[in-house]
Amino acid sequence: MVNRVRAELRKLLGLPTAWIGLVLGTLLAPVIVLVNAPYTRRAIADGTIADTSDLGLQDLGIGLIGPMVLGVVIVSSEYTSTGHDAPRARQLTATLTAMPGRLRLLAAKTVALILVAAAQASVTAAATLTLTQVLHGPHVPAPAPARVAAAILYWTLIALLSYAITLITRNGIVPLTFLIVNSTIVSVSYLLTKVTDLAVYLPDIAGAQMFIHTADFPVRVAPVTAGLVMTAWIVVLLAIGAVLFHRRDP
């Protein structure tokens, strides 16, 4: 298993698209904190931002592009054509030849993705929260370690969510486009909370409540419950993806 995970780590980190996700995901949140610093100072001074406990943690949201990209490309790269000379030949054929057990392959991919996503989340959270403290000092309380750990867990679960969706669809463009738009431009999940309270139990909305306290949701979900709800979503989607992957042709 260790060798399988090591092989999947090498494959993932050998993908140019994965490095785009790593760089963007790691840098975007600290850059946003830096760019928004003058406005944030004024907003704190005039009382526009009354509760500053989520500052820094909220900014981590823009960096979710990173784990989303990782979760998608670790699967979609297997279905990419290996060359113009053989347009129907895909990396997955070679992968299954070297590692014929499909469920063992998925287990190795899952572990590799968790390791990379958690490492990226840890570095990004440390950089973003440290920069927030440096720029805003006593006006922003340092988040409790449990909230930071929950934010790192959220990033990792988002990577697994995008991974599971891509396993089901076997297409990287559709899930990645939807996930990025939903997290950065127009949150369909958040809009749905205005229609029905049940939308707070969607995976991204529920998971955010593990560490964000000031979000405007119609129903508050306790952090532990939120984590369990998001994890349950991902377990179900991964199970569906694993069954489909096991039954489909290469």
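Numbering of residues begins at 1 and proceeds along the displayed sequence.
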Expected list for residues 129-140: side-chain donor-acceptor pairs under 3.5 angstrom, two or more places apart:
| unit_1 | atom_1 | unit_2 | atom_2 | d |
| --- | --- | --- | --- | --- |
| Thr130 | OG1 | Ala126 | O | 2.6 |
| Thr132 | OG1 | Thr128 | O | 2.8 |
| Gln133 | NE2 | Val140 | O | 2.9 |

Would you list the atom pairs, donor with acceptor, under 3.5 Å between side chains in residues 144-167 and any protein atom, with sequence neighbours excluded?
| unit_1 | atom_1 | unit_2 | atom_2 | d |
| --- | --- | --- | --- | --- |
| Arg147 | NE | Phe211 | O | 3.0 |
| Arg147 | NH1 | Ser53 | O | 3.2 |
| Arg147 | NH2 | Asp54 | OD1 | 2.3 |
| Arg147 | NH2 | Phe211 | O | 2.6 |
| Tyr154 | OH | Asp204 | O | 2.9 |
| Thr156 | OG1 | Ile152 | O | 2.9 |
| Ser162 | OG | Met68 | O | 3.3 |
| Ser162 | OG | Ile158 | O | 3.4 |
| Ser162 | OG | Ala159 | O | 2.9 |
| Tyr163 | OH | Leu106 | O | 3.2 |
| Tyr163 | OH | Thr110 | OG1 | 3.2 |
| Thr166 | OG1 | Ser162 | O | 2.7 |

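- Hydrophobic cluster membership is shared by Leu13 and Leu105, with clusters built from Ile, Leu, Val, Met, Phe, Trp and Tyr side chains linked at under 4.5 angstrom.
- Hydrophobic cluster membership for Val224: Leu228 (Ile, Leu, Val, Met, Phe, Trp, Tyr linked by side-chain heavy atoms under 4.5 Å, directly or transitively).
- Pro67 is listed as a side-chain neighbour of Gln120, based on a closest heavy-atom distance under 4.5 Å.
- Listed by first and then second residue, the salt bridge (charged side-chain N to carboxylate O under 4.0 Å, His left out) pairs that reach into residues 128-138 come to none, sequence neighbours excluded.
- Atom NE2 of His246 sits in a sparse spot, with 12 or fewer heavy atoms from other residues, nucleotides or ligands closer than 6.0 Å.
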Practice item. Please step through side-chain contact (heavy atoms from CB on, under 4.5 Å) for the pair Leu15 and Lys11, ending with a clear verdict. Key: CA-CA 7 Å; Leu15 296 171; Lys11 284 170 59 180; 6.0 Å; no

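- Under the side chain to side chain contact (heavy atoms under 4.5 Å, CB included) rule, Val69 has a single partner from Leu179, Leu22, Leu176, which is Leu176.
- A search for side-chain contact (heavy atoms from CB on, under 4.5 Å) contacts involving Leu198 returns Thr196, not counting sequence neighbours.
- Under the 4.5 Å side-chain heavy-atom criterion for Ile, Leu, Val, Met, Phe, Trp and Tyr, Val31 and Val33 are members of distinct hydrophobic clusters.
- Interatomic distance, CG of Leu238 versus OG1 of Thr231, reported as 10.5 Å (0.5 Å rounding).
- In this structure the side chain of Ser189 reaches within 4.5 angstrom of the side chain of Asn182, judged on heavy atoms.
- Pairing each heavy atom of Pro143 with each of Leu57, the nearest pair is CB-CD1, 3.9 Å.
- Under a 4.5 Å side-chain heavy-atom cut-off, the cluster of Ile, Leu, Val, Met, Phe, Trp and Tyr residues that includes Val23 is completed by Leu27.
- Between the OG1 atom of Thr26 and the CH2 atom of Trp19 there is a distance of 9.0 Å, given to the nearest 0.5 Å.
- For residues 31-45, there are no salt bridge (charged side-chain N to carboxylate O under 4.0 Å, His left out) pairs, not counting sequence neighbours.
- Val219 and Leu192 fall within the same hydrophobic cluster, defined by Ile, Leu, Val, Met, Phe, Trp and Tyr side-chain heavy atoms under 4.5 Å apart, directly or through other members.
- Sorted by first then second residue, the salt bridge (charged side-chain N to carboxylate O under 4.0 Å, His left out) pairs that include residues 108-126, not counting sequence neighbours, are Glu8-Lys109, Glu78-Lys109.
- Pro203 places none of its side-chain heavy atoms less than 4.5 Å from the side chain of Ile234.
- Side-chain contact between Leu115 and Val5 is present, with at least one heavy-atom pair separated by less than 4.5 Å.
- The side-chain contact (heavy atoms from CB on, under 4.5 Å) search around Ile62 returns Leu28, Ala29, Ile32, Thr184, not counting sequence neighbours.
- Remark: Ile20 pairs with Leu24 by the side-chain contact (heavy atoms from CB on, under 4.5 Å) rule, at least two apart or across chains.
- The nearest pair of heavy atoms linking Ser77 to Val73 is OG-O, 2.7 Å.
- Here Val236 pairs with Ile240 under the side-chain contact (heavy atoms from CB on, under 4.5 Å) rule; sequence neighbours left out.
- The shortest heavy-atom contact between Gly207 and Met230 is CA-SD, 3.4 Å.
- The stretch residues 178-201 participates, sequence neighbours left out, in these salt bridge (charged side-chain N to carboxylate O under 4.0 Å, His left out) pairs: Lys194-Asp216.
- Residues Ile205 and Phe178 are members of one and the same hydrophobic cluster, defined by side-chain heavy-atom contacts under 4.5 angstrom among Ile, Leu, Val, Met, Phe, Trp and Tyr.
- Between the side chain of Arg102 and the backbone N or O of Phe245, at least one donor-acceptor pair lies under 3.5 Å.
- Note that the OG1 atom of Thr124 and the CG atom of Leu60 stand 7.5 Å from one another [nearest 0.5 Å].
- A donor-acceptor distance shorter than 3.5 angstrom exists from the side chain of Gln209 to the backbone of Val221, with no hydrogens or angles considered.
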